[in-house]
Chemist: 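What follows is a structure written as structure tokens; I'll ask about it next.
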Amino acid sequence: MPELPEVETTRRGIEPLIQGKTVTAVAVREKRLRWPVSPQLERLVGAQIVAVRRRAKYLLLDSERGSAIIHLGMSGSLRVVAIGIAPQRHDHVDIAFENGTCLRLRDPRRFGAVLWSRDPLQHKLLRSLGPEPFDPLFDGVYLHARARGRKIAVKSLLMDSRVVVGVGNIYASEALHAAGIHPRRPAGRISRPRYQRLSDAVREILARAIGFGGTTLRDFSNAQGKPGYFRHELAVYDRAGQPCPNCGSAIRQETIGQRSTYYCSRCQR
DNA sequence: ATGGTCCCCTGACCGC
DNA sequence: TGCGGTCAGGGGACCA
């Protein structure tokens, strides 16, 4: 489900509601997520949430004792609700606060994760990640260098979190369309100026999507339980057979790297 | 190192 | 209305 815009939308939604709050209890109703929910999460009890950060698609709840690392996987969402609200099916974890609210993780498919680290950026899952798309380092020169000699489809390169983080299946298709690059083109056979277009497009699409509160295809919802509205702005994703907004030819759907890919064969070469 | 495949899990949807 | 098949926004593990 959530790519960078959805995770950032979630971060912005929960930050003002939990930053500075002291945790009074942690409840884990289902610990079998992608990995078992860390028992260390209990360390939050009595501690204050000093910051809510995002790195790639991970949310970091920082306390003086360490950080909870939360990943939403494909179907996860976080809401802040009153403690009295009864948990529904798939509401696996609650973090309760002194003011009578709690942060509640729902994740039907259980591909998400709740881990613990004293130094989250050095955690095994985070330490080898590539730059954030909004990092000035992420530009055409960088992408061109990382692609040198690579034969994989450019779409797969764009979705490789060691190269750049946060670009998932929806926004990879969208950015390649905006940049006029065919998703199957071998990564090593794209010029530096075209990679500059691509890095610009990635940033622009992600920023616009954040502005719309993310994309809700099926079940994404923000901290208030509301959907995101970028779905109506998608040019190609989930639009097989419909006209390309640029040129009107039919949008094609193919599988690349086990993932559905959408593109316009006329605009993208 | 690189590229390709498999799979974790539940729910929605589609055709019969 | 029920049933089986297919697909889904992530990404680690494993293979050649």
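Each chain gets a letter, A, B and so on, in the order its sequence line appears, and its residues count up from 1.
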Chemist: Please check this pair: side chain of A:R266 against backbone of A:Q268, looking for a donor-acceptor N/O pair closer than 3.5 Å.
Modeler: no
Chemist: For A:R239 and C:dA8, what is the distance between atoms CZ and C1' respectively, to the nearest whole Å?
Modeler: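 Whole-Å distance recorded here is 19 Å.
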Chemist: Looking for any heavy atom pair under 4.0 Å, which part of the strands does A:F230 touch: base, sugar-phosphate only, or nothing?
Modeler: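 Touches nothing.
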Chemist: Please work out if A:I152 contacts a base, only the sugar-phosphate, or nothing of the nucleic acid, heavy-atom cut-off 4.0 Å.
Modeler: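 A:I152: backbone/sugar contact only, no base atoms under 4.0 Å.
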Chemist: Identify whether any heavy atom of A:R89 sits under 4.0 Å from a base atom; if not, whether one sits that close to sugar-phosphate; answer base, sugar-phosphate or nothing.
Modeler: sugar-phosphate
Chemist: Hey, is A:F111 stacking on B:dC8? Ring centres under 5.5 Å, planes under 30°.
Modeler: yes
Chemist: Does A:P108 or A:G149 map to a spot on DNA chain B nearer the 5' end, using the closest nucleotide for each?
Modeler: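 Of the two residues, A:G149 wins.
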Chemist: Expressed in whole Å, how much space separates the P atoms belonging to C:dC7 and B:dT5?
Modeler: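 To the nearest whole Å, 16 Å.
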Chemist: Looking at A:R259, does any N or O in its side chain come under 4.0 Å of the phosphate oxygens OP1/OP2 on C:dG9?
Modeler: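 Checking A:R259 against C:dG9: at least one side-chain N or O falls below 4.0 Å of OP1 or OP2.
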Chemist: Whole Å only: how far is the NE2 atom of A:H71 from the C1' atom of B:dC9?
Modeler: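 Interatomic distance, NE2 of A:H71 to C1' of B:dC9: 15 Å.
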Chemist: Using the ring-ring contact (aromatic ring centres under 6.0 Å, His included) rule, take A:F212 and A:Y229 through it: C-alpha gap first, then chi angles, then the decisive distance, then the call.
Modeler: CA-CA 5 Å; A:F212 278 84; A:Y229 297 100; 8.3 Å; no
Chemist: Across the strands shown, which category fits A:S260 at heavy-atom distances under 4.0 angstrom: base, sugar-phosphate, nothing?
Modeler: sugar-phosphate
Chemist: Expressed as a whole number of Å, how far does the P atom of B:dC9 sit from that of C:dC3?
Modeler: 23 Å
Chemist: Please verify the inter-ring angle class for A:Y171 with A:F230; under 30° counts as parallel, over 60° as perpendicular, anything in between as tilted.
Modeler: tilted
Chemist: Which whole number of Å gives the distance between the P atom of B:dC6 and that of C:dT6?
Modeler: 15 Å
Chemist: So what's B:dC16 paired with, Watson-Crick or G-U wobble, going by both distances under 3.5 Å?
Modeler: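 Pairing partner: C:dG2.
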Chemist: Taking for each residue the nucleotide of DNA chain C with the nearest heavy atom, is it A:T216 or A:L129 whose nucleotide lies nearer the 5' end?
Modeler: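 Mapping each residue to its closest nucleotide by heavy atoms, the 5'-most match is A:T216.
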Chemist: When the distance from CD of A:E3 to C1' of C:dG11 is rounded to whole Å, what number comes out?
Modeler: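 Between C1' of C:dG11 and CD of A:E3: 13 Å.
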Chemist: My understanding is that a pair needs two contacts under 3.5 Å, Watson-Crick or G-U wobble. By that rule, which nucleotide pairs with B:dC8?
Modeler: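 For B:dC8, the partner nucleotide comes out as C:dG10, under the 3.5 Å rule.
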Chemist: Rounding to an integer number of Å, can you tell me how far A:R109 CZ sits from C:dA8 P?
Modeler: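 From A:R109 CZ to C:dA8 P: 10 Å.
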Chemist: Mark yes or no for a side-chain to base donor-acceptor pair under 3.5 Å between A:R218 and C:dG9, with no hydrogen or angle criteria applied.
Modeler: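 When only heavy-atom distances are counted, A:R218 does reach the base of C:dG9 through a donor-acceptor pair under 3.5 Å.
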Chemist: With heavy atoms under 4.0 Å as the rule, sort A:Y171 into base, sugar-phosphate or nothing.
Modeler: nothing
Chemist: Minimum heavy-atom separation for A:E3 and A:V167, please, with both atom names.
Modeler: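 Smallest interatomic distance, heavy atoms only, reads OE1-C, 3.9 Å.
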Chemist: Report which part of the nucleic acid A:R34 touches: base, sugar-phosphate, or nothing (heavy-atom distance under 4.0 Å, all strands).
Modeler: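 Contact class for A:R34: base.
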Chemist: Round to a whole Å and report the spacing from CZ of A:R162 to C1' of C:dA13.
Modeler: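 To the nearest whole Å, that distance equals 12 Å.
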Chemist: In whole Å, I'd like the distance from the NZ atom of A:K151 to the P atom of C:dA16.
Modeler: 20 Å
Chemist: Over how many whole Å does the gap from A:Q258 atom CD to C:dC7 atom P extend?
Modeler: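 That distance rounds to 12 Å.
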Chemist: Does A:R192, at its CZ atom, have more than 12 non-hydrogen atoms belonging to other residues, nucleotides or ligands within less than 6.0 Å?
Modeler: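 No.
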Chemist: Which residue, A:I256, A:I190, A:L143, forms the side chain to side chain contact (heavy atoms under 4.5 Å, CB included) with A:V154?
Modeler: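 That would be A:I190; it is the only one of A:I256, A:I190, A:L143 passing the side chain to side chain contact (heavy atoms under 4.5 Å, CB included) with A:V154.
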Chemist: Any idea which of C:dG9, C:dG11, B:dG11 is nearest the A:K57 side chain?
Modeler: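 Among the listed nucleotides, the one closest to the side chain of A:K57 is C:dG11.
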Chemist: Using only modelled atom types and a 3.5 angstrom limit, is any donor from either the side chain of A:R150 or the base of B:dG3 paired with an acceptor on the other?
Modeler: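 Side chain to base: no pair present.
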Chemist: Send over the distance from A:Y58 OH to C:dG10 P, rounded to a whole Å.
Modeler: 12 Å
Chemist: Considering just the side-chain nitrogens and oxygens of A:H90, establish if one lies under 4.0 Å of OP1 or OP2 belonging to B:dG11.
Modeler: yes
Chemist: Can you find a donor-acceptor N/O pair under 3.5 angstrom joining the side chain of A:R110 to the base of B:dC9?
Modeler: no
Chemist: A:V114 and side chain to side chain contact (heavy atoms under 4.5 Å, CB included): which partner among A:V28, A:L59, A:V37?
Modeler: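 Between A:V114 and the candidates, side chain to side chain contact (heavy atoms under 4.5 Å, CB included) is satisfied uniquely by A:V37.
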